Asks: 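The structure is given below, and queries will be raised subsequently.
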Amino acid sequence: MELLLPDSGDAQAQIERLRNATLKPFDADILAFFGDFSQRVLADTGLRQYPELVALGYWFRPAAVARLRERHVHLAEGGVLRPRGVALHYAPSNVDSVFVYSWFLSLACGNRNIIRLSARSAGARRAALFDLLTALLQDPRHARIAAATAVVSFAHDDTQNAALACDCHLRVTWGGDAAVNALRRVALPPLATELVFPNRESWALLDASTVLAADETTFEAHLRGFYNDAFWFAQQACSSPRALAWVGTQETVRRAQLRFWDGLRAYLHRRGEFSDASELANRLVATHVAAAAVPAQSLEGSLADWPLRISSDALDPLQREQHCGYGLFYEVQRDSLAECVALFAPQDQTVAYWGFSRETLIDWAQSLGDRCVDRVVPLGKALQFSDRWDGQDLLQSFSRLVSID
Amino acid sequence: MTIALEELLLDGPFALDSVGKSRRLVPRLLDLTRHHHAACESYERIIDRLHADWSQATTREDLPYLPVGVFKHLLLASVPPEEIVRELRSSGTSGAASRIVLDRATAGLQTRALAKIVADFIGIERRPMLVVDQANLLRGATSLNARAAAVLGFSNFGRQHTYALSPDLALDTEAVSQFAERFRETPVLLFGFTFIIWQYLVLACRREGRKFEFAPGSVLIHGGGWKRMLDIQVDNAAFKTGIAETLGIHQVHNYYGMAEQVGTIFMECAHGRLHTTDYSDVVVRDPLSLAPQPDGATGLLQVLSELPRSYPGHSLLTEDVGAVTGEDDCLCGRKGRTLRVDGRLPRTELRGCSDTRVL
């Protein structure tokens, strides 16, 4: 096992040490650490090229942390919100910002944190982030945070996973079904608890009349929002929309689609973005395999199009499983929002909407099936991390409520 | 099916010029499209939905195609399960393997087509054959992987089959020496996968400072792709030099083919061109617009074959990059289009948050 943070010392010794490195939720040292982190990230010109890291710095700026702290105080009503203790996080190797969100939110709640990363994901982005975090943790002002932290890396090994599980109070698994299934086979102590983040999929929900009626400025803003949601990570993030549910009569939807996709293609063109042959090859296989699925489907435009659009009666498991991202969109038309309910499956996480009121969406969300949809956000906010994720309030889940009557 | 099996594969396989071929092949391929559309429900859905104007096709460029990768995810059959006599599996260098189902008729057509093609290069007489692969390759296999299927297919052109490698891929020097000695006066056939021949025969000989001398007129046929060869920066010329040096063989034919279209391989002639046959053809498509490209332009290879009856594999868009190098104009005298294969399209690795690499 290799220790990556706070320094490259002895991993086992650091893990021993952090057991006694207790902290209080949102204590002054934690707030100073977040403040310093945010300032350094936002001041670092080298990080500007990584928008998700800039977003991370912004997320932990003092004003935002103050709001988190207020929520924490509110959640503690009726007692005291204590840390869980030692939290063990398994983070995805390919979206580096996720491990920081998981670690920092857990730290905010006063936990000591062991974070396992894959050593395989090297690269300039991670190097830049790690340089910054190493410097931060070496600062004597953050010695208490450094003592409560162990970012480690080791090859998958059940003995190692079991040894770490033995002494943790909370295990947090990001990274999909395979990771969740693998780690669930590793027993936790009876008093420990776990949070899991399995495979999820996401949608855009559009009201056709709203799209048609929008003035140019509003329309452009929403195109930009959809672009950020779907194209920033080439639909590879679980909260990126892979399908669009259009609400309106067939004729209205058809006209709204025309405006929307023409606008989007022009927007992509203006940004100078294009797809490549390898992505097209992925889309071709995905669409051809999925076209064998039961729901009626038809190709809108040509197979070489980017974005590639397939109209479908619904979305079945084969279409979901085959979806490769890279600008492939399934589109479903329904006459009313109520008729969209059956489209959503338990793995659906985020719905990014345009053209519905919050009240309407609250009613609608109550009619959805068990486990379906955890997050309903305006178009353009799908990728924004939130302290409520996958149906969990993370501040609450990273804490333990001692009720005092 | 309106095509009688008997009338198939009587001539050729390199007899038809462009006119003759469009008269023979295109109607058969259109016919096959209708056959598979009627017989395979998944294929029917796919082409109705994604190649909606397929029934209006009149040229080979108009034919609907399947990306070859679909066979990794769907089991596509145009015959009832009880008629399936064999299932082929692709090597699957990355991820899942393709599954191809054969009925008796299709398996027979593959055997006959391959025989026609190979005979055109080495004659119809069976030659002593050295298989450059593991001695136990064909033992105990129920479904065949691509390497085993190729060895099995080519074994028909040999006699006194001898394997050059032990089960752990070590060079069986004694077996090869004995084989070369025994047939010192008789032209022999060597067959194997390009990378296997290079890695375990040529490089092993070089390492041990060993040379074999096969009889003049001996032939080496090899296929299976260049991906791993390009990784170690060995091209066709270097491969041929290595073969000449270590084995004394100067007639070397590469072929391009795939598990999804067994039988209609594209053989390399003495002039270095890969040849389509009377029963097969190639279309080159732009990798971004998918539009058919003029001869000479580089793009994705779409391979056409009139053999697949039991599965809808008669028109496949590959992820191989190449170009048409001529038509009816090769100095070797064979008619038909010729092609060049440059390699595989680099694939973007699928990524996303659902991957912790915990496993």
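Bear in mind the structure is a predicted one, so any value in this text is a computation, not a measurement. What's counted below: heavy atoms across the whole structure, side chains too, no hydrogens, waters or symmetry copies.
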Asks: Is A:Leu280 close to chain B through its backbone or its side chain, or both, or neither, when contacts mean heavy atoms under 4.5 Å?
Replies: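 A:Leu280 touches chain B through side-chain heavy atoms alone.
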Asks: Among A:Ala296, A:Ser240, A:Ser298, A:Ala286, single out the residue with the greatest number of heavy-atom pairs under 4.5 Å to chain B.
Replies: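 Sorted descending by pairs with chain B, the first entry is A:Ala296.
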Asks: Hey, what do you get for NE2 (A:His288) to CZ (B:Phe71), rounding to the nearest 0.5 Å?
Replies: 11.0 Å
Asks: Measure the spacing between CD of A:Glu279 and CG of B:Leu288 and express it to the nearest 0.5 Å.
Replies: 10.0 Å
Asks: Assess whether atom CD of B:Glu82 is packed by more than 12 heavy atoms of other residues, nucleotides or ligands within 6.0 Å.
Replies: yes
Asks: Which is it for B:Arg45 and A:Val294 under the side-chain contact (heavy atoms from CB on, under 4.5 Å) test, yes or no, and what are the steps along the way?
Replies: CA-CA 9 Å; B:Arg45 283 182 180 152; A:Val294 175; 4.1 Å; yes
Asks: Decide yes or no on side-chain contact (heavy atoms from CB on, under 4.5 Å) for B:Glu319 and A:Val285, but give the supporting numbers first.
Replies: CA-CA 10 Å; B:Glu319 290 177 17; A:Val285 175; 4.0 Å; yes
Asks: At their closest point, which heavy atom of A:Ala277 faces which heavy atom of B:Pro287, and how far apart are they?
Replies: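 Heavy-atom minimum between the residues: CB-CB, 3.7 Å.
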Asks: Which heavy-atom pair separates B:Leu345 from A:Ala281 by the least distance, and what is that distance?
Replies: CD2-CB, 3.7 Å
Asks: Given heavy-atom pairs under 4.5 angstrom as the criterion, report whether the side chain, backbone, both or neither of A:Gln322 touches chain B.
Replies: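 Only the side chain of A:Gln322 comes within 4.5 Å of chain B.
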Asks: Between NE2 of B:His51 and CG of A:Leu299, what distance do you get to the nearest 0.5 Å?
Replies: 8.5 Å
Asks: What option among A:Pro295, A:Ala290, A:Ser275 has the most heavy-atom pairs under 4.5 Å with chain B?
Replies: A:Pro295
Asks: Between atom OG1 of A:Thr287 and atom CZ of B:Arg49, what is the distance when rounded to the nearest 0.5 Å?
Replies: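 Those atoms lie 12.0 Å apart.
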Asks: For B:Glu61, does the CD atom have more than 12 heavy-atom neighbours from other residues, nucleotides or ligands under 6.0 Å away?
Replies: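 Yes - once you tally the heavy atoms of other residues, nucleotides and ligands closer than 6.0 Å, there are more than 12.
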Asks: Heavy atoms only, distances under 4.5 angstrom: which of B:Leu290, B:Leu50, B:Leu317, B:Leu300 has the most pairs with chain A? Name it, please.
Replies: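 Among the listed options, the one with the most contacts to chain A is B:Leu50.
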